[in-house]
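Values in this document were obtained by computation on a predicted structure and should not be read as measured data. Heads up: numbering here begins at 1 and tracks the sequence. Both ligands and their constituent atoms are indexed starting at 1 by order of listing.
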Amino acid sequence: MSTEASGTHVVVIGAGPGGYPAAFHAADLGLQVTLIDGEANPGGVCLYRGCIPSKTLLHASAFINEAREMAEWGITVSEPKIDLDKLRASKEGVIAKLTGGLGQLSKQRKITYVRGRATFKDATSVTVAKPDGTEEVISFDAAIIATGSQPIHLPFAPECDRVMDSSTALDLVDIPASLLLVGGGYIGLELGQVYASLGSRVSVVEMTAALLPGADAALVRPLAARLKKQFEAIHLETRVTSMKESKKGIVVQFSGKHEGEATFDKVLVAVGRRPSTEGLALEHVGVTLDEKGFIQVDAQRRTSVPTIYAVGDVAGQPMLAHKATHEGKVAAEAIAGRKTIYDPKAIPGVVFTDPEIAWCGITEAEAKAAGRDVKVTSFPWAASGRATTLGRSDGVTRLIVDPADHNRILGVGIAGPGAGELIAEGTLAIEMGAVAEDLAWTIHPHPTLSETLMEAAESAMGHSTHYAR
Ligand code: FAD
Ligand code: NAD
């Protein structure tokens, strides 16, 4: 452990996956740290209202679906009975366990944890409004803003229990008979699958021409095929233009490719998130924002004010927990006086639907838009022994390589169960500057889904053992 900058006092505002790793790393580097957040323990959106509760519910959802599908294998189980109170309690238990653990880790590092809302007083101090109504002024040598993001609301959506955002959807108050998802992105599709498996009739409306518009079409295809069976309707190139509450539910007007009106028990609005900067009084200190409202930062995550850094969702896309954590550690190192830079070659994105969709590096669409001459190779999971033993030949593993540079790996995309775990190999390959040959000649365990990466790499070299074009 280093003590190179001991005595430096760092204030971290927001204890999500950007803020708490920044605080922990700064403490590990010998800095004196105060971590401020409204919750009793660290965790942020990710642990309290995001990644962790949604993945807990998706685990339950996967079990329900798999139990239903086992009939094809000659194993028939009775239709699962859902005890919603118990399911909700299990989810709360997971949150409590993980956030409580973070509280312990914070104490062990002798971090001062202050519960409350922080506002900048000037470039070296914040005022914290505490839950008991008192205020405390805390001075700092350096501050890290990690205040995250919040859901974007539709201006015409009525404020009522029937219109949910991701936080209220995760509360799992009931199982609506019919549910409309506005937005076919990460949140809509993940939570839509949860509600569909619990018994809701789910429809989705997406304004672009495809679900998950940031992902390559070839990856989305297997998911879209499954959703066609699980969801009641998928309306692309369609917008919701009005929502009104009636006795029977929310009356929704559509315009675009799908026109008309329909009534739903509940609606989940998941049209993106915006950075949380209000209430910080950034204007007092001169921290500048970009045109989309994100805090502008340099390669060390320093803002326009030299004593103030920003990390995570509040500091720009992609709004992902692991990107926030990486930035938090970079900011802590910079404050400790270490040579450091935020310069990832690939940030993995994972949509935890069934099948999972995961990708990193350049996408095929991005390569095309940039006019870049790339080679794309696919290994269909129908040719994978492991996928066949799992009854999941619908997946695909794809590599995007640079044919002019020894088939250097530029992007990896995977659709299929476990894609989120498999993508780590692709991310490492890109970070290490690997070429397809490196993956193809690395011995992968058999029978596993990881072999699909090896075989996609073999395809890039012109010969795959189990797939002949
Ligand atoms: P946050 O986690 O948003 O934490 C910010 C914290 O700062 C909050 O606790 C907030 O209350 C606090 N705060 C704000 N203002 C102040 C203030 N003035 N004073 C004190 N405290 C303040 N990402 C993934 O990578 N994988 C996933 O599976 C995933 N699933 C998700 C599912 C859902 C439903 C949602 C909504 C998001 C999901 N995300 C996922 C995104 C992920 O949650 C965010 O990218 C991540 O939480 C961002 O971390 P952060 O530290 O920047 O901010
Ligand atoms: P998103 O950007 O993933 O998806 C929003 C979707 O809504 C887009 O496809 C967009 O085209 C569509 N849309 C926007 N306005 C619309 C309108 N008026 N009508 C119909 N469609 C409309 O946003 P999200 O699902 O709200 O999630 C927010 C962010 O949280 C994600 O971008 C991601 O960064 C993060 N997240 C990550 C995970 C994960 O890593 N597994 C899970 C959930 C959330």
Any nitrogen or oxygen of [X], side chain or backbone, less than 3.5 Å from one on ligand 1?
X: V314; result: no
X: E39; result: no
X: G43; result: no
X: E190; result: no
X: M319; result: yes
X: V45; result: yes
X: L320; result: yes

Can you check which of [options] brings a heavy atom nearest to [atom]?
atom: atom 9 (O) of ligand 1; options: I52, I36, D37; answer: D37
atom: atom 28 (O) of ligand 1; options: Q150, R49, K55; answer: K55
atom: atom 19 (N) of ligand 1; options: S54, C51, A118; answer: A118
atom: atom 53 (O) of ligand 1; options: G312, A315, G50, G148; answer: G148
atom: atom 23 (O) of ligand 2; options: G185, G272, G183; answer: G272

To which protein heavy atom is [atom] closest, and what is the distance rounded to 0.1 Å?
atom: atom 21 (N) of ligand 2; answer: M207 N, 3.2 Å
atom: atom 20 (C) of ligand 1; answer: G116 O, 3.4 Å
atom: atom 46 (C) of ligand 1; answer: P17 CG, 3.7 Å
atom: atom 52 (O) of ligand 1; answer: D313 N, 2.9 Å
atom: atom 36 (C) of ligand 1; answer: R273 NH1, 3.3 Å
atom: atom 25 (O) of ligand 2; answer: I187 N, 2.9 Å
atom: atom 6 (C) of ligand 2; answer: E206 OE1, 3.6 Å
atom: atom 25 (O) of ligand 1; answer: A321 N, 2.8 Å

So S276 and T147, side chain to side chain donor-acceptor pair (under 3.5 Å) or not? Walk me through it.
CA-CA 6 Å; S276 294; T147 49; 5.5 Å; no

At a non-hydrogen distance cut-off of under 4.0 Å, which region of V128 contacts ligand 1 (side chain, backbone, both, or neither)?
neither

Under 4.0 Å from ligand 1, counting heavy atoms only, is it the side chain of F352, its backbone, both or neither?
side chain

Any idea which heavy atoms bring A169 and M164 closest together, and the distance?
CA-SD, 3.7 Å

Below 4.0 Å from ligand 1: does a non-hydrogen atom of [X] turn up there or not?
X: S276; result: no
X: A146; result: yes
X: L280; result: yes

Pull out every atom of ligand 2 sitting under 4.0 Å from any heavy atom of [X], numbered as shown with elements.
X: K55; value: 41 (N)
X: V350; value: 39 (C), 40 (O), 41 (N)
X: R273; value: 28 (C), 29 (C), 30 (O)

Does [X] approach ligand 2 within less than 4.0 angstrom via side chain, backbone, both or neither, non-hydrogen atoms only?
X: H322; result: neither
X: L212; result: neither
X: E190; result: side chain

Rounding to 0.5 Å, atoms CZ (R201) and CD1 (I175) come to a distance of 13.5 Å

For S166, the atoms of ligand 1 under 4.0 Å from one of its heavy atoms are 34 (C), 36 (C)

P213 heavy atom under 4.0 Å from ligand 2:
yes

